[in-house]
Amino acid sequence: MRKSNISVLGIGYVGLCTAVAFASRGYNVIASTHDAEKAAKINKGLPPFHEPNLQNLLKEAIDSGNLKCLVDETEKAVVQTDLTFNAVGTPSRADGSIDLHFIETSSHDIGKALRQKSAYHVVVIKSTVVPGTTQDLVKPLLEKESKKKCGTDFGLCMSPEFLRQGSAFEDTIHTDRIVIGEHDKRSGDTLENLYRDFYGKDMPPMIRTTLATAELIKYASNAMLATKISFINTIANVCEKIPGADVKVVAAAMGLDKRIGPLFLNAGLGYGGSCFPKDVKALIACSRTLGYTPELLESVENVNRAQPLRAVEFCKQQLGSLEGKKIAILGLAFKPDTDDMREARVIPIIIQLLKDGAEITAYDPVAKPTAKTIFNSKIHYATSALECIKNADCAIIVTEWPEFQELTPEDYARNMKQPIVIDGRRIYDPEEYSKELRFTAVGLGK
Ligand SMILES: NC(=O)c1ccc[n+]([C@@H]2O[C@H](COP(=O)([O-])OP(=O)(O)OC[C@H]3O[C@@H](n4cnc5c(N)ncnc54)[C@H](O)[C@@H]3O)[C@@H](O)[C@H]2O)c1
């Protein structure tokens, strides 16, 4: 049987990993983006962002001729393929609601292409969109521009993506589950057949459902993970008031309960990135529009907004006034193994420290170029962790990069002006680091 030809719109983390995954398994994939610079990089086999294990596979996909990236040629990409994954960005608006502008413009383009096609084509929304978007926005736009009928002339599905940045490609090819929201049975069957062909005997558990349920599954999943993080951070904040209490031990014991599980119970300075903050806010905004106020999610969001500032509080407890104090920030990316700083918890920390008059030197193994676009010359940038802590009055672990675990208490004591270390991600053993350092950690009662 001939393998389907696939087009992918939006070539960020989701689009690029989807495109490379299908190309690496012999499918002919055409990607399309507005960003000429990004397309040029991709066509040379260079990922436009830091993502482990992606570079070699992208290079192979390009060299094999299975993947090419076009600039502003969505119609051409769609016309030449059988199925389109739409993975364009869906950012937050200022009020927290979701900005569907890219979904709208890309749906126009896909619709225009469908008008030129006589063969059946399936459009799959991979972007995270609030319930109702595929049925009430995408479908009418496709029908209007194509002058065709959804369900008979072309198919429409919503299949959310669950990858994690830092292991994006691995997650794409080894996902825990496939969700197919379908407009009609033929659309769902076509997408299921494609996934079955792609995964073969490793086909993950699959849920077939309505478009709106598929859309909500994505939000509910991210909201649950964000809730676990804000929950354990709440317990961490309680622990800090109780002498001898340690949230890390509390979480480890809780995690042994099969009903709770150990994952996403790491107390710290809160969650960031392009998904959790945006998706929690969008679910709140969407629920409010529907006449329901999701108070639990509002609290999840409030805890997360306050949590990074715990690091600044710890600094003040140790140093008093921060005016002129040298603070070393270890980690800028929102999590390890990425250079993405969207909603990174370090941003409110640095803004507050600067307001308080501190002098900041930061180090991150890969996110310095991203940080420069945010902070320019307002902070100093070190080229190693040791250089970063040199002569500092206080060091704060903001991202749990593995290389920070290699810094010993002696490294801090020998290099810093004052040996004050704040472990915002719980990477150090408090007993070992408290011996010769003034050591504070999130969720550690004094
Ligand atoms: N990043 C993640 O970890 C992740 C995980 C699961 C789901 N998602 C969701 O997937 C979607 C994409 O996320 P991402 O992080 O890959 O996005 P991203 O912001 O990294 O990239 C999106 C890309 O879409 C491009 N684009 C916008 N309009 C376009 C158009 N009309 N045609 C072609 N390209 C266009 C943008 O230029 C951008 O390069 C979002 O809805 C996001 O919420 C993201």
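All ligand and atom numbering here is 1-based and tracks the order in the structure.
One option in Ser106, Ser127, Ala87 has a heavy atom closer to atom 12 (C) of ligand 1 than any other, and that option is Ala87. Checking Gln165, Lys38, Lys218, Lys278 against atom 42 (C) of ligand 1, the nearest heavy atom belongs to Lys278.
From the protein, the heavy atom lying nearest to atom 22 (C) of ligand 1 is Gly89 N, 3.4 Å. Summary of contacts: the protein heavy atom closest to atom 21 (O) of ligand 1 is Gly12 CA, 3.3 Å. Atom 31 (N) of ligand 1 has as its closest protein heavy atom His34 NE2, 3.0 Å. Scanning the protein for heavy atoms near atom 28 (N) of ligand 1, the closest one is Phe102 CD2, 3.3 Å. Looking only at heavy atoms of the protein, atom 10 (O) of ligand 1 is closest to Val14 CG2, 3.4 Å. Atom 6 (C) of ligand 1 has Glu161 O, 3.2 Å as its closest protein atom, hydrogens excluded (heavy atom only). Scanning the protein heavy atoms around atom 26 (N) of ligand 1, the nearest turns out to be Val88 CG1, 3.8 Å. Protein heavy atom nearest atom 9 (C) of ligand 1, with residue, atom name and distance: Thr128 OG1, 3.4 Å.
Listed by number with element, the atoms of ligand 1 under 4.0 Å from a non-hydrogen atom of Ser274 are 1 (N). For ligand 1, the atoms closer than 4.0 angstrom to any heavy atom of Ser32 are 33 (C), 34 (N). If you number the atoms of ligand 1 from 1 as listed, the ones under 4.0 Å from a heavy atom of Leu163 come out as 2 (C), 3 (O), 5 (C). Residue contact check: Thr33 has heavy atoms under 4.0 Å from atoms 33 (C), 34 (N) of ligand 1.
A cation-pi geometry, defined here as NZ or CZ lying under 6.0 Å from the six-membered ring centre and within 45° of its normal, holds between Arg177 and Phe162. Figure legend: Lys372 and Tyr381 shown as a cation-pi pair, the cationic atom lying under 6.0 angstrom from the six-membered ring centre and within 45 degrees of its axis. Within the cation-pi definition used here (under 6.0 Å to the ring centroid, within 45° of the axis), Arg342 does not qualify as a partner of Phe334. Cation-pi check for Arg186 over Phe154 is not met; the charged atom does not lie both under 6.0 angstrom from the ring centroid and within 45 degrees of its normal.
Counted by atom type alone, Ser106 and Asn86 present one or more donor-acceptor pairs between their side chains at under 3.5 Å. Ser274 and Tyr13 form no side-chain donor-acceptor contact under 3.5 Å, judged by distance and modelled atom types alone. Using a 3.5 Å distance cut-off with no hydrogens or angles, the side chains of Thr210 and Thr213 do pair a donor with an acceptor.
A donor-acceptor contact shorter than 3.5 Å links the side chain of Lys228 to the backbone of Leu263.
Note on ring orientation: taking the six-membered ring where Trp is involved, the planes of Phe198 and Phe22 are tilted (angle from 30° to 60°). Relative orientation of the Phe276 and Phe264 rings is tilted, given thresholds of 30° and 60° on the angle between their planes.
At least one N or O atom of Thr90, backbone or side chain, sits closer than 3.5 Å to an N or O atom of ligand 1. Taking distance alone, with nitrogen or oxygen atoms compared against 3.5 Å, Gly10 approaches ligand 1 more closely than that limit. Taking only nitrogen or oxygen atoms, main chain and side chain alike, Tyr13 reaches within less than 3.5 Å of ligand 1.
Taking all atoms of both residues into account, the shortest heavy-atom contact from Lys3 to Gly26 is CD-O, 3.7 Å.
Partners of Phe231 by ring pair (Phe, Tyr, Trp, His ring centres under 6.0 Å), not counting sequence neighbours: none found.
At a heavy-atom distance under 4.0 Å, no atom of Pro160 approaches ligand 1. No part of Asp35 comes within 4.0 Å of ligand 1, judged by heavy-atom distances.
Residue contacts with ligand 1 leave out Arg164, since none of its heavy atoms falls under 4.0 Å from the ligand. In this structure, Arg342 has a heavy atom closer than 4.0 Å to ligand 1.
Note that atom 36 (C) of ligand 1 has no protein non-hydrogen atoms nearby, at separations under 4.0 angstrom.
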Exercise for the section: Kindly determine whether Glu298 and Arg288 satisfy salt bridge (charged side-chain N to carboxylate O under 4.0 Å, His left out), including the steps that lead there. Expected result: CA-CA 11 Å; Glu298 289 180 334; Arg288 281 204 196 117; 2.4 Å; yes
